Amino acid sequence: MPELPEVETVRIGLARLVIGKKIVGIMFDWPKGFPNSKSDVDAFIIGASIKDVRRRAKVLLIDLTTGYTLVTHLKMTGQLVFRGLENFGAGHPNESLVGLLPNKSTRVTLSFFDGSHLYFNDQRKFGWMKLLPTGEVQYMAFMQKVGPEPLEDSFTFSVFESQMMRRKNSGVKAVLLDQTVLAGIGNIYADEALWGAKIHPEAKVSAIPKVRLRKLHYEIIYVLKLSIEKGGSTDRNYVNAEGKRGSYIDFARVFRRENLPCPHCGTTIIKTRVAGRGTHTCPKCQPCRIN
DNA sequence: CACTTGACCTGTCCGC
DNA sequence: TGCGGACAGGTCAAGT
């Protein structure tokens, strides 16, 4: 579910919907996913306004005017959904996928002064939210080791190449999924970019010709940008900040298209298991481990 | 050390 | 219809 384009889509939506709103209440009962004490919450969340919504890798950073940040990871099934008075409740036009809120997956509810709400739902409870002083976010273990942002201008081919070469003896898909190599790629966009570059997911990084590696660099940026344009991929759970689905999946070339024809050559796409993950490839376009 | 596998949870889908 | 098992987009700890 949420990889870089999905998290970025949520960020854009939240920035539009909640910046400037004042928090007057919070409900949570999820020690594992939201470990902060009630006294910290009372002191640094209640009465605060939302100052900014940022993203690093797949992590959302909701900055408050108290100098604290709600650091949020959606993991597999997390959702951050805003409900204003105009779209309160079920049966609202544009068919929210979420329905009436809160629902049984709602783990945290923020209430704003104007009567609107922000809900953190997470069916599988893998996600988390934690309150930290804004200045400490950069010192979290994950932030210290996470790799470059692929959509920043500084993500040149030579940066990409040197990052990939840190794990040159591994299969390329496992390396793309490694957040210390690149920030924000997950299973969907790894499959999509590898198909675009015509590289087999199990090819060792060191065996990939430079011209293919250049193509992979290009494809990563291409699929991530295209997906943000389409509002991300909704496979099952993912929704944006308004509870609506994304449409990238309709444009996907291999992901979730097993038994359908490859858009390039017509060969039937197959689904296998690589690096412990469901993996979609065209056996003709991505023929062998070294190509 | 580098790399792979299992655990974390809940829900859904598929085959018997 | 009911039940067991496999599987799901992420990340970390533990294992080889």
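Quick note on labels: first sequence line is chain A, next is B, and so on, each numbered from 1. A quick note: this is a predicted structure, and the numbers were derived from the prediction, not measured.
- When rounded to the nearest whole Å, the span between CE of A/M76 and P of B/dT12 equals 15 Å.
- Annotation: ring pair (Phe, Tyr, Trp, His ring centres under 6.0 Å) contacts involving residues 47-78 of chain A, sequence neighbours excluded, comprise A/F44-A/Y68, A/H73-A/W128.
- Sequence order on DNA chain C of the closest nucleotides to A/D235 and A/A141 puts A/D235 first from the 5' end.
- A/V41 and A/L80 fall within a single hydrophobic cluster, where Ile, Leu, Val, Met, Phe, Trp and Tyr side chains are chained together by heavy-atom contacts under 4.5 Å.
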Using a cutoff of under 3.5 Å, can you pull out all pairs of nitrogen or oxygen atoms linking the protein to nucleotides 6-9 of chain B, with atom names and distances?
residue	atom	partner	partner atom	Å
B/dC8	O3'	A/K32	NZ	3.3
B/dC9	OP1	A/K32	NZ	2.3
B/dC9	O2	A/R124	NE	3.1

Just the atom pairs and distances: protein N or O near nucleotides 14-16 of chain C's N or O, under 3.5 Å.
none

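- Residues passing the salt bridge (charged side-chain N to carboxylate O under 4.0 Å, His left out) test with A/R256, sequence neighbours excluded: A/D235.
- Between B/dG11 and A/R236, no contact under 4.0 Å exists linking OP1 or OP2 to a side-chain N or O.
- Think of A/V24 as one node in a network of Ile, Leu, Val, Met, Phe, Trp and Tyr side chains linked at under 4.5 Å; its network also takes in A/F113.
- Here A/E258 pairs with A/K271, A/H280 under the side chain to side chain contact (heavy atoms under 4.5 Å, CB included) rule; sequence neighbours left out.
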Side-chain donor-acceptor pairs under 3.5 Å in residues 248-255 of chain A, sequence neighbours left out?
residue	atom	partner	partner atom	Å
A/Y248	OH	A/E192	OE1	2.7
A/R253	NE	A/E192	OE1	3.1
A/R253	NH2	A/E192	O	3.0
A/R253	NH2	A/E219	OE1	3.2

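- Distance, A/R256 CZ to B/dT12 C1': 11 Å, rounded to whole Å.
- Evaluation of the salt bridge (charged side-chain N to carboxylate O under 4.0 Å, His left out) rule for A/K58 yields no partner, not counting sequence neighbours.
- The separation between A/M129 atom CE and C/dG10 atom C1' is 17 Å, rounded to whole Å.
- The aromatic rings of A/F82 and A/F112 lie tilted to each other, with the angle between the two planes from 30° to 60°.
- The structure places CG of A/L194 at 13.0 Å from SG of A/C285, a figure rounded to the nearest 0.5 Å.
- In terms of phosphate contacts, A/H73 brings a side-chain nitrogen or oxygen within less than 4.0 Å of OP1 or OP2 of C/dT11.
- Note: NZ (A/K173) to C1' (B/dC3) measures 17 Å, nearest angstrom.
- The distance between atom CG of A/D178 and atom P of B/dT5, rounded to the nearest whole Å, is 15 Å.
- Spacing of P atoms, C/dA14 relative to B/dC9, comes out at 15 Å, to the nearest Å.
- With both ends at atom P, the span from B/dG6 to C/dA6 equals 13 Å, rounded to whole Å.
- Here A/G278 lies in heavy-atom contact (under 4.0 Å) with sugar-phosphate atoms only.
- Annotation for A/M165: atom CE counts as buried by contact number, over 12 foreign heavy atoms lying within 6.0 Å.
- At the heavy-atom level, A/G186 lies under 4.0 Å from the strands shown only through sugar-phosphate atoms.
- Within the structure, side chain to side chain donor-acceptor pair (under 3.5 Å) pairs that include any residue of residues 13-29 of chain A comprise A/R16-A/E242, A/K21-A/D114 (at least two apart or interchain).
- Residue-level contact check: A/R273 touches the backbone only, with heavy atoms under 4.0 Å from sugar-phosphate atoms and none from bases.
- Atom CG in A/L177 sits about 17 Å away from atom C1' in B/dA2, given to the nearest Å.
- Comparing B/dC3, C/dG10, C/dT11 against the side chain of A/Q179 picks out C/dT11 as the nearest.
- Residue pairs meeting the side chain to side chain donor-acceptor pair (under 3.5 Å) criterion with at least one member in residues 44-55 of chain A, sequence neighbours excluded, are A/E8-A/R55, A/R54-A/D63, A/R55-A/E149.
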Output the pairing pattern of DNA chain C as a dot-bracket string, 5' first, Watson-Crick or G-U wobble with both distances under 3.5 Å, | for cross-strand pairs, [ ] for crossing pairs. .|||||||.|||||||
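- Put simply, NZ on A/K271 is 8 Å from C1' on C/dA8, counting in whole angstrom units.
- Remark: P of B/dT12 and CG of A/N237 are 9 Å apart, rounded to the nearest angstrom.
- Neither OP1 nor OP2 of C/dT11 sits under 4.0 Å from any side-chain N or O of A/R277.
- Under the salt bridge (charged side-chain N to carboxylate O under 4.0 Å, His left out) criterion, A/K210 pairs with A/E161, sequence neighbours left out.
- Within 4.0 Å (heavy atoms only), A/D122 reaches no atom of the nucleic acid at all.
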